[in-house]
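Quick note: numbers below take in every heavy atom, side chains included, and nothing from hydrogens, waters or symmetry partners. Just follow the structure's listing: the first ligand is 1, and inside any ligand the first atom is 1. Numbers here are sequence positions counted from 1. The structure displayed is predicted, hence computed values, not measured ones.
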Amino acid sequence: MKKVKRQNHNSKTTILKTDKKKQQIRFASIKLTPEEIIKDYRLAFQSRQVSLIGRKEVMAGKAKFGIFGDGKEIPQLALAKAFRQGDFRSGYYRDQTLIFSLGMHTMQEYFAQLYAHADVEADPASAGRAMNAHFGTRSLNPDGSWKNLMEMYNCSADVSPTGSQMPRLVGLGYASRLYRELKELQHLKQFSNNGNEIAFGTIGNATCAEGMLWESINAIGVLKAPVLLSIWDDDYGISVHNEHQMTKANMSELLKGFQRKKGASASSTTGSARNGFDLYTVKGWDYPSLAETYLTAAEVVRREHVPAIVHVVEINQPQGHSTSGSHERYKSKERLQWEEEFDGIRKMREWMIASGVATTEELNRFEEEDVKLVVSIRDQAWQAYQSPIRAERLEVAKMIDEIAQSSASQAELQRLKNSLLAIPNPLRRDIMVTIREALMTSPDENTSGKQNLVAWKQKHDAFNVERYGSHLYNEAADSALQIAEIKPLYSEKSPTVNGFEVLNACFDAALANDPRVIAFGEDVGKLGDVNQGFKGLQEKYGELRVSDTGIRECTIIGQAIGTAMRGLRPIAEVQYLDYILYALQILSDDLATVQWRTRGGQKAPVIVRTRGHRLEGIWHAGSPMAGLIHLLRGMHLLVPRNMTQAAGFYNTLLRAEDPALVVEVLNGYRLKERVPDNIGEFTVPLGLPEILRAGKDVTIVTYGACCRIVMEAAELMRKTNIDAEIIDVQSLLPFDLHGVIGKSLKKTNRIIFVDEDVPGGTTAYMMQEVLENQNGYRWLDSAPRTLPGKAHRPVYGSDGDYWSKPNVETIFEAVYEMMHEASPGKYPLFFK
Ligand SMILES: Cc1ncc(C[n+]2csc(CCOP(=O)(O)OP(=O)(O)O)c2C)c(N)n1
Ligand SMILES: [Mg+2]
């Protein structure tokens, strides 16, 4: 294992002069007053107390889990100095000192989240939904409208999977470039001042082993996005040393290839000189060098839009990784001793005394005060968290008491009440469990007291369902579900064109109507996408409105999330549905949860566009819809059968502020469709299936490319006297909000679900929606059926396809069999 480099002096960029008269400590290029330094020190010290006390809260059973920012305090004080209103942070759980320093959250809010205080006033980041140290400021007003982000220090909402802050960082930074370079965005003053905003990223050293870090750095460099990324390098990722994380065990070494050439500015026009990062390596305990590094680095990033990486080394983790374990198990004695000696707070203290900023006595006094301060903040947070729960407990105890007076189970009820009252740190679930047990005693006694308790239970159950479940989807007036339907209008003049040209006209109108709309993806720019939906639009709207990206699905989505969080309306393309798997983690963990994990505090109205279904080949014809419908709850998932329906969905989504994935039908781009006269205006409502063919014998439910095949199969059915009703679901999330399919089943009494997904996948989902949620089981005269694709991937070549996915004949046979089972005489079996 690499020896820890020992060094006892601050670097040479420290104090040049202490000018008592001017009351300024001057470094190589920056000036700080003693007051500011003392304020910083006290904040670092308080933050450390938050970590120490927070850990004890977990150990005492008052919170479930704790992860803290101890050891990372000093660099964050320095970073905070460079952070301006309008800037954004995308970081991880170690950043509490930065957060406190900028007032993004208070220490009381930090403790509230530790306790899982489920109230947005107490924990504005997640309203008790996220683990502790998951930060996020509220970009939205309570009505869902944007705040003025230029009056705030902004923090995009954290997620736990390591590295997931990186893709979003790409977009948060890139937005500044768009705001600076696109004149048509200049009026959006609440999001940007000429693109002067920096996106600050933070990441742990070990997380630098994740692919997302490298994909994101590369994208940031290519996009010349004003990002300043800090790597907090404490040599470990939990127990695993850098030697096992990265080649050469040193990020500064590895990053050298990303460094821009000396003297090259972002505006240089030649080749590789245009690209690159400024790189800095600085010690995490060296306050003056850190302050200078951050102020210098940020200045360049802001002015020149050249990204920078600050690799902060020699930092410690005094309490170990989290409350789940202790670091004495895997760190050597020598290392532990170094961590004590080089603790940032200790070193800053020594430096302040040595440079005359403060005396030992002064610092002792401050520290004494600050320990008390943090203890009292903790107590206030605990009180605020517990008091409503204790009040509810008391209410319920009284109700149980009252029931007990006239109950045969008096003793049992008293016992239940007393055990509830004896719980030292009661939870709402304790109260509910007690209520349920109390209601089970003497079930035949139906007193008014019991009725009151049932009413209380129902009311509070509803509160809690809302408390934990609200905002999975946009609940504001700009929800996609609120967008009124505008039918497509056709006239004699409406041209018949290739499907892709319908989309092309739709996107043209979208880009013309709203300067916030930007589109990007692989081959989207110059080529206008591989199927020409954006053909000619880069020429018309410029390289920043319609742009090419590298082959990097995950950060294409990150680029979209970040730009959407800063008020833009990205249409992000993933070239084929099969490759959405590369972006699925970030779609699922980040995009789909943005509104829910912040309880409506943030949004990212991203439109993801892709194409799929019905082609040949293991990785070019998949329709992994089941994976998507289950992992993307929180997004809309739309599967238009043709390009007109797709255009209508895009128009709906562009009028709303919700994230959505639209899967276009890959083999539909060359099929002929008519362009509606109101191509830029008409909308297709979400959650409304369309009946493509009315019939009375059987309901066939399908979507996407299967619609055409089922319609063809219906012709065969007609020839054998089967009158099928065919329904295009169109919108898998949300699913049939008005029970159209249930009503059809009520009429036909038979139902079959057809798609190209795996068995038990989306067909099973649709069946559950109709039979259970719409109570469709009541109307069944035949066993309900599903006809999905095979469990294996679809084979390349037409024969392989024929035995991989439902086709006209297998659909016909499945339906015919259902009819045969019901009326064997009328429908004799002729193919088996
Ligand atoms: C994708 C993913 N893998 C694993 C984990 C579990 N985990 C949480 S933190 C962590 C170590 C991170 O180390 P580092 O990036 O150095 O940050 P540090 O905690 O040391 O500041 C691991 C493995 C996770 N949260 N997400
Ligand atoms: Mg680490």
Side-chain angles (χ1 to χ4, degrees), residues 1-2 4 47-48 51 54-55 64-76 79 89-99 130-135 157-169 201-217 229-246 249-252 254-255 281 283-285 309-327 329-331 335-336 338-339 342-344 554 558 582-590 593 597 631:
M1 192 168 287
K2 192 180 143 220
V4 178
S47 179
R48 178 64 61 88
S51 301
R55 185 180 172 91
K64 285 192 93 168
F65 172 79
I67 191 154
F68 305 101
D70 47 312
K72 317 292 187 289
E73 293 94 347
I74 308 304
Q76 292 178 25
L79 197 169
R89 165 194 171 275
S90 185
Y92 79 116
Y93 48 81
R94 298 283 180 217
D95 290 348
Q96 70 197 46
T97 311
L98 171 71
I99 299 292
M131 265 179 183
N132 90 303
H134 284 57
F135 311 109
D158 293 358
V159 297
S160 290
T162 49
S164 293
Q165 68 274 36
M166 290 301 304
R168 186 190 331 133
L169 182 66
T202 68
I203 191 165
N205 55 298
T207 301
C208 294
E210 295 272 16
M212 277 189 288
L213 177 275
W214 297 101
E215 188 177 316
S216 300
I217 292 184
L229 175 67
S230 298
I231 303 170
W232 307 143
D233 192 343
D234 57 14
D235 288 302
Y236 287 85
I238 309 186
S239 66
V240 181
H241 190 263
N242 275 347
E243 280 178 6
H244 302 287
Q245 302 285 0
M246 70 220 45
N250 186 339
M251 279 302 288
S252 286
L254 291 192
L255 288 169
T281 306
K283 295 178 174 62
W285 47 265
I309 298 176
V310 180
H311 181 200
V312 183
V313 297
E314 295 194 22
I315 45 183
N316 66 348
Q317 203 168 83
Q319 298 193 112
H321 178 74
S322 72
T323 51
S324 302
S326 99
H327 61 158
R329 283 186 297 162
Y330 49 81
K331 285 181 186 163
R335 168 77 198 192
L336 288 167
W338 178 88
E339 290 209 6
F342 279 76
D343 183 85
C554 168
Y582 273 56
L584 191 53
Q585 181 269 333
I586 212 70
L587 284 166
S588 180
D589 287 333
D590 194 354
T593 67
R597 75 179 189 262
L631 289 167

* **Angular separation of Asn205 OD1 and Tyr236 O about the Mg ion (ligand 2), given to 10°** => 100°

* Asked: Looking at Ala206, which atoms of ligand 1 are within less than 4.0 Å of one of its heavy atoms?
  -> 13 (O), 14 (P), 15 (O), 16 (O)

* Asked: Starting from atom 23 (C) of ligand 1, which protein heavy atom do you reach first, and at what distance in Å?
  -> Ile238 CD1, 3.8 Å

* Can you check side chain to side chain donor-acceptor pair (under 3.5 Å) on Trp232 and Asp95, steps first, answer last? -> CA-CA 10 Å; Trp232 307 143; Asp95 290 348; 2.9 Å; yes

* **Identity of the N, O or S atom of Asp234 lying closest to the Mg ion (ligand 2)** => OD1

* To do: Within a distance under 4.0 Å of any heavy atom of Pro161, pick out the atoms of ligand 1 and give their elements.
  => 26 (N)

* Identify, by atom number and element, the atoms of ligand 1 in contact range of Asp234, meaning under 4.0 Å from any of its heavy atoms. => 20 (O), 21 (O)

* Glu210 near ligand 1, heavy-atom distance under 4.0 Å? -> yes

* **Subset of ligand 1 atoms that lie under 4.0 Å from at least one heavy atom of His321** => 9 (S), 10 (C), 11 (C), 19 (O)

* **Check: Lys72 and Gln317 side chains under 4.5 Å, non-hydrogen atoms** => yes

* Residue that, paired with Asn205, satisfies side chain to side chain donor-acceptor pair (under 3.5 Å) out of Asn250, Asp235, Asn242 -> Asn242

* Should Tyr236 be listed as contacting ligand 1, given a heavy-atom distance under 4.0 Å as the test? -> yes

* Looking at ligand 1, does any of its N/O atoms fall within less than 3.5 Å of an N/O of Tyr92? -> yes

* Which one holds for Ser160 and ligand 1: side chain close, backbone close, both close, or neither close, with close meaning a heavy atom under 4.0 Å? -> backbone

* Structure fact -> For Asn205, the atoms of ligand 1 under 4.0 Å from one of its heavy atoms are 15 (O), 16 (O)

